[in-house]
*Asks:* 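This is the structure I have questions about; it appears just below.
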Amino acid sequence: AGDGQTGEVGAALPDSLAVVARDDFDNPVPEVIVRWRAASGELSDAEVPTGADGRAAVQWTLGSTPGVQRASAEAAGLDGSPLDGSPVEFRATARLGPSPRLSIVTQPASSAVSGARLGRQPVVRIVTAAGAPVSQPDVAVTAAIASGGGGLGGTTTRTTDAQGVATFTDLAITGPPGPRTLIFAAPGFTAATSAEVQLLAPVPSSMAAVAGQGQTAAAGSAVATAPAVIVRDQTGAPLGGVTVTFTVTAGGGQLTGATPTTDAGGVARVGSWVLGTTAGNNRLEASVAAAGVSGNPITFTATGVPGPPSPAASVATVPDGRIFAWTTIVVTAYDQFGNRITGGGAAVAITVSGANNPGPLQVSDGGDGTYSASYLPVFTGTDQVTIVLNGVPLSGSPFASRVRLF
């Protein structure tokens with residue numbers, strides 16, 4: 001009994017599946033173990049012994065796929081010949097109920113930021129009126145705003161897979177703050193409405209440096225990379241239109257574009273940061289006015305180092321001389337802002353003329369911003385010491401050196 005029935009997907013068939021075991025004389029045989037298998041759905045038992053009447057029966061709950069489904073019964077020792085009758089096959093036709101519907105397996109996130117993807121995306125499946133899953137593929141399920149207004153972005157139509165499940169991946173709600181619900185619909189199925197989603201306005205939540213940290217530049221000059229920050233909202237998405245204030249807090253530098261607004265990528269940057277004229281540490285602070293923003297404020301640091309030697313700011317020590325005693329001339333290099341140069345490499349030329357005329361002297365580079373040369377006067381009188389730094393005469397050059405006898 002029980003073969004050829006029709007029932008709803010996911011529901012139990014009205015009649016049990018039954019087989020009977022008989023001997024060679026057509027008498028019922030008890031205590032024969034019958035093994036039951038279902039290709040789709042579930043059976044009430046996996047093994048059932050025959051009763052005194054030789055019968056064994058189970059109940060069959062159909063699977064979730066519409067169409068023909070199969071089950072079987074077999075007994076050991078009765079499968080050697082087709083005449084033995086094992087296995088016995090059963091077939092049933094599964095159909096959709098009168099009101100198949102959509103059911104939300106995974107609700108969308110309970111809150112979302114306008115324009116940002118939902119943190120938890122909805123998953124919808126096909127079920128019977130009683131809620132049993134239906135494995136029906138290729139059904140187009142469309143999502144839309146059910147209440148609250150606004151727009152729904154992303155891929156709003158998804159197709160069910162082999163299990164009858166439609167998975168959404170990139171839905172985003174746009175509009176003013178307030179509650180929203182979503183509706184999911186497909187032709188021939190009762191629609192499903194989501195739980196409430198509270199739409200929030202995007203606000204600054206975090207700020208981080210993206211460029212311009214830890215640079216070195218000559219004092220009084222601009223750093224190579226303008227400091228920049230990125231501002232993100234509470235979902236982690238870049239947030240445009242936020243005013244970021246950049247302020248010099250140490251070093252005495254200057255800024256251009258010091259109160260920019262974040263662009264569509266959430267980035268704000270200064271036009272340039274010119275370091276202070278004194279070599280040393282410089283600091284710049286970036287901040288937003290909103291409360292509760294992680295990383296706010298951000299401090300940028302930069303080191304100002306002496307610039308190139310300046311002939312106008314560098315100095316020379318030119319002592320008076322004595323005959324037959326070495327006269328040593330020392331040049332100390334400074335940049336244009338008076339910062340002492342701490343490295344070598346400048347082109348320094350020292351030439352002596354006058355009472356003594358040794359001509360160009362051999363200049364020694366001290367490697368620390370000092371340069372020296374010596375000559376031996378043999379005549380009394382006044383020598384003129386001409387000093388040229390990187391092709392430009394040093395301020396005060398030529399210098400006078402009075403050579404005395406003693």
*Asks:* Check whether any side-chain N or O of Tyr371 sits under 3.5 Å from a backbone N or O of Ala346 as a donor-acceptor pair, and report yes or no.
*Replies:* yes
*Asks:* Would you say the side-chain atoms of Ser397 and Thr386 include a donor-acceptor pair closer than 3.5 Å?
*Replies:*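 The answer is no; no qualifying pair exists.
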*Asks:* Compare every heavy atom of Thr247 with every heavy atom of Leu284, then report the nearest pair and how far apart it is.
*Replies:* CD1-O, 3.3 Å
*Asks:* Consider only side-chain N and O atoms of Thr156 and Thr142, and report whether a donor and an acceptor are under 3.5 Å apart.
*Replies:* no
*Asks:* Check whether Arg70 reaches the backbone of Ala39 with its side chain - one donor and one acceptor, N or O, closer than 3.5 Å.
*Replies:*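 Not confirmed, Arg70 side chain does not pair with Ala39 backbone.
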*Asks:* Given side-chain hydrogen bond (donor to acceptor under 3.5 Å, both in side chains), test Ser372 with Thr328 step by step and report yes or no.
*Replies:* CA-CA 7 Å; Ser372 61; Thr328 299; over 6 Å; no
*Asks:* So which heavy atom on Val318 is nearest to which on Ser401, and how close?
*Replies:*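 Smallest heavy-atom distance, with atoms named: CG1-CB, 4.1 Å.
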*Asks:* So, does Glu196 use its side chain to make a donor-acceptor pair with the main chain of Ser110 at under 3.5 Å?
*Replies:* no
*Asks:* Mind running side-chain hydrogen bond (donor to acceptor under 3.5 Å, both in side chains) on Thr216 and Thr303 for me, showing each step along the way?
*Replies:* CA-CA 5 Å; Thr216 298; Thr303 302; 4.5 Å; no
*Asks:* Do the side chain of Thr50 and the main chain of Val32 share a donor and acceptor less than 3.5 angstrom apart?
*Replies:*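 Checked: pair present.
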*Asks:* If we count only N and O atoms by modelled type, under 3.5 Å, do the side chains of Arg180 and Ser194 hold a donor and an acceptor together?
*Replies:* no
*Asks:* Which pair of non-hydrogen atoms, one from Pro49 and one from Ala56, has the smallest distance, and what is that distance?
*Replies:*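 Here Pro49 and Ala56 meet closest at O-CB, 4.1 Å.
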*Asks:* Taking all non-hydrogen atoms of both residues into account, name the closest pair between Arg269 and Ala228 and its distance.
*Replies:* NH1-CB, 3.3 Å
*Asks:* Thinking salt bridges, do Glu47 and Arg35 make one under a 4.0 Å N-O criterion?
*Replies:* no
*Asks:* Is the side chain of Thr128 donor-acceptor paired with the backbone N or O of Ala132 at a distance under 3.5 Å, no angle test?
*Replies:*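 It does hold such a pair.
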*Asks:* Check for a donor-acceptor pair, side chain of Asp368 on one end and backbone N or O of Thr342 on the other, with a separation under 3.5 Å.
*Replies:*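 Looks like no, no N/O pair under 3.5 Å.
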